[in-house]
Asker: 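Pasting a structure below so you can have a look.
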Amino acid sequence: MQGAVLLLAGAIAATPPTDPWPISVLEDLVTGPLAGRPLVVYLDETLGFSTSQLIRSAFQGVPLVLADLRIQGKEWCERQTQEVLGAGWLVHLVLLGSNATVFFEDLATVECNWQPLYLLLVNTRGGSPDALMEEAFSRVEHLALLSVQDRASNSSLSTFIYSFFPFSHQAPVRLTGIWSTSTSLQHLFVDRFPSFEGYQFQIASWVDDYPYLYLTSGETDDLRQVRELQTGEASGLQVEVLDTLGYTLNFTYTMMTRPEDWLWGELQDGAWTGMLGKVHSGEKNFTVNFFGYNLERTRAFDASSPYWMEGYGLTILAPPPLPKWRAAYYPFNVFVWGCCVAAFLLVVIGWTLQGGSSGGDGKGWLYLLRPLLNQSLPTLPSSQGLRISIATWCLAAFILTTAYTANLFAFLSVPAFPPRIRTVEELAESSLRVTMCDYGEFVPEALNVSGNQYYRALGTKLDLHEEYNNTLPLLINGSHAFLESYSYSRILLKLSDYDVSATYMLKEQLYPAHLCWYYKKHSPWKHRLDRGLVRLVEAGLVGHWIQEKTNQLLGRGWQSEDGGTRQDSPLSLQHLQAPFLILLLVLLVSVLVLLVEIILHKLKEGSGCVTSQTLSYNLWKLQHCITREIR
Ligand SMILES: *[C@@H]1O[C@H](CO)[C@@H](O)[C@H](O)[C@H]1NC(C)=O
């Protein structure tokens, strides 16, 4: 390295301004490593060669965008397409002159999306390679500088390649090779971020984001306490990922417990709030909390590759199970019950018409009821026709009673629930309102302006509250559905002080999104972290860690608990209430029938009670008879 610095000093002394070297080097570049790639060439007229001459000789037949360094960087930027400013297949070539610094400073300060993937500086004056450290170039992923040097040994001109390693402690600007016609693109643009060399990243975080990032403490297992005291160590998926990446890429990190403004992060009146605000202003380097992709964010930040997918979940209080005694009639629905009664009546009528009432004791309907109650028939009818109809009826009754009995077993042992809300559409149309904690998420806003009518309906029914202590009681009261990011709410509810065993979550998730980290815009080193993240995702480690953290928080077997606990228990009176009720009812009916029979009997005897055609008279008579009877 010292050698390079010495050489550099020599080169400044012997600068041949009219040397034709750049032309030949440019020719070699265009036919060599940059072959087939369109160029954006930044030209400075002060260099002393004419543009047309350059194009004719060096860039013959190469697709090319020319930028004149004499104009304002801002002005130039506004007139370019997105492709010219940042497409990865373009190579940007700067012929450094005295105007360059001003132009590029201007490009970097304005809100310009200029971010070349490949930027090659060509130092035509043999000056210092420190131009690489220019603030404007810090956003470029592949950055190199070609510099001509006077090699002392044989006085012939040589071209050196330099690059800038921002994380390097010793020599940020370093010689990476010597230019020759066989230099490849990889040799020209070396990896500038092979390691972060122990760098400490500042992460904008809110350590209350189950299961991604949360506080734990080694001593107490009581997570509620840890939550309240806000002490302990950060844990969760992101800590695992960061530790793993930090180990391989050699970096450390610091986190913050929560943003000072208690906001998650969104664009409000043109300014970013919360964690994203910290990153946007450059105070912090990136976020690792629950953030999905959206257009606004990806414009203002550099997004990482996705690591997980999740949306927002709705938790609803389950309606209580139906009264157990009603299990007696659940086995059939109302229509089937109706059909049974109708069929029985039909059979009785048919039986009577066939003269069946004479068979047995003359009470045809009682005789026909026997198959339904699993009773054997005392005698078979004598006529063949009647035998056939009784056989058919027996078969039908057998099927009906078997179906009823089998279903009754099931309904006695498993609690039956009234229909629940299963979809967002049903929720939107129900009388339930929705509640959510207001910490500056985009969801309330998005619901209100949604193109989907059901989402909009949810938006108008949404009650925002500051704290979970205000939202959760509403859920438990059954007046509101609780809206929160899916796995967070699952864990939060289990850890809360409320009894949430009777709640369930809708399967559907709102705004499911791929989650990502957000870096400050134009972070050229982000691809290093991204590549690591992708590997962890592809190896299944991210999924594994999420599962593991959820298990730790909820206890193993939490999945099987979903949908209520099922325990074997003896049948209670509640289950068996129905037979007693039926017994009571039938007894009442039979007493009534007895009464009617007595009255009819007395009326027939005609002992002073003359029958009359009018109903009112009859009723009066009835009363009269009853009182006399009692006396
Ligand atoms: C990270 O953020 C700090 C501010 O806290 C900033 O000074 C530093 O330049 C950032 N690091 C990188 C690599 O961007």
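The figures that follow rest on heavy atoms only: side chains count, while hydrogens, waters and symmetry mates do not. As the structure lists them, so they are numbered: ligands from 1, and atoms in each ligand from 1.
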Asker: Give, for atom OG1 of Thr248 and atom CZ of Arg528, the distance between the pair rounded to the nearest 0.5 Å.
Answerer: 8.5 Å
Asker: What class does the angle between the rings of Trp206 and Trp264 fall in, given that below 30° is parallel, 30 to 60° is tilted and above 60° is perpendicular?
Answerer: tilted
Asker: Taking Asp208 as the fixed residue, which of Tyr214, Tyr439, Tyr488 is the one that meets the side chain to side chain donor-acceptor pair (under 3.5 Å) rule?
Answerer: Tyr488
Asker: Among Trp517, Trp545, Tyr212, find the one that has a side chain to side chain donor-acceptor pair (under 3.5 Å) with Gln238.
Answerer: Trp517
Asker: So do the side chains of Phe193 and Pro524 get within less than 4.5 Å of each other, counting heavy atoms only?
Answerer: yes
Asker: When rounded to the nearest 0.5 angstrom, what distance separates CG in Leu529 from CG in Leu245?
Answerer: 6.0 Å
Asker: Give a table of atom pairs where an N or O of ligand 1 lies under 3.5 Å from a protein N or O.
Answerer:
| residue | atom | partner | partner atom | Å |
| --- | --- | --- | --- | --- |
| ligand 1 | 2 (O) | Asn285 | OD1 | 3.2 |
| ligand 1 | 2 (O) | Asn285 | ND2 | 2.4 |
| ligand 1 | 5 (O) | Glu283 | O | 2.6 |
| ligand 1 | 11 (N) | Tyr199 | OH | 2.7 |
| ligand 1 | 11 (N) | Asn285 | ND2 | 3.0 |

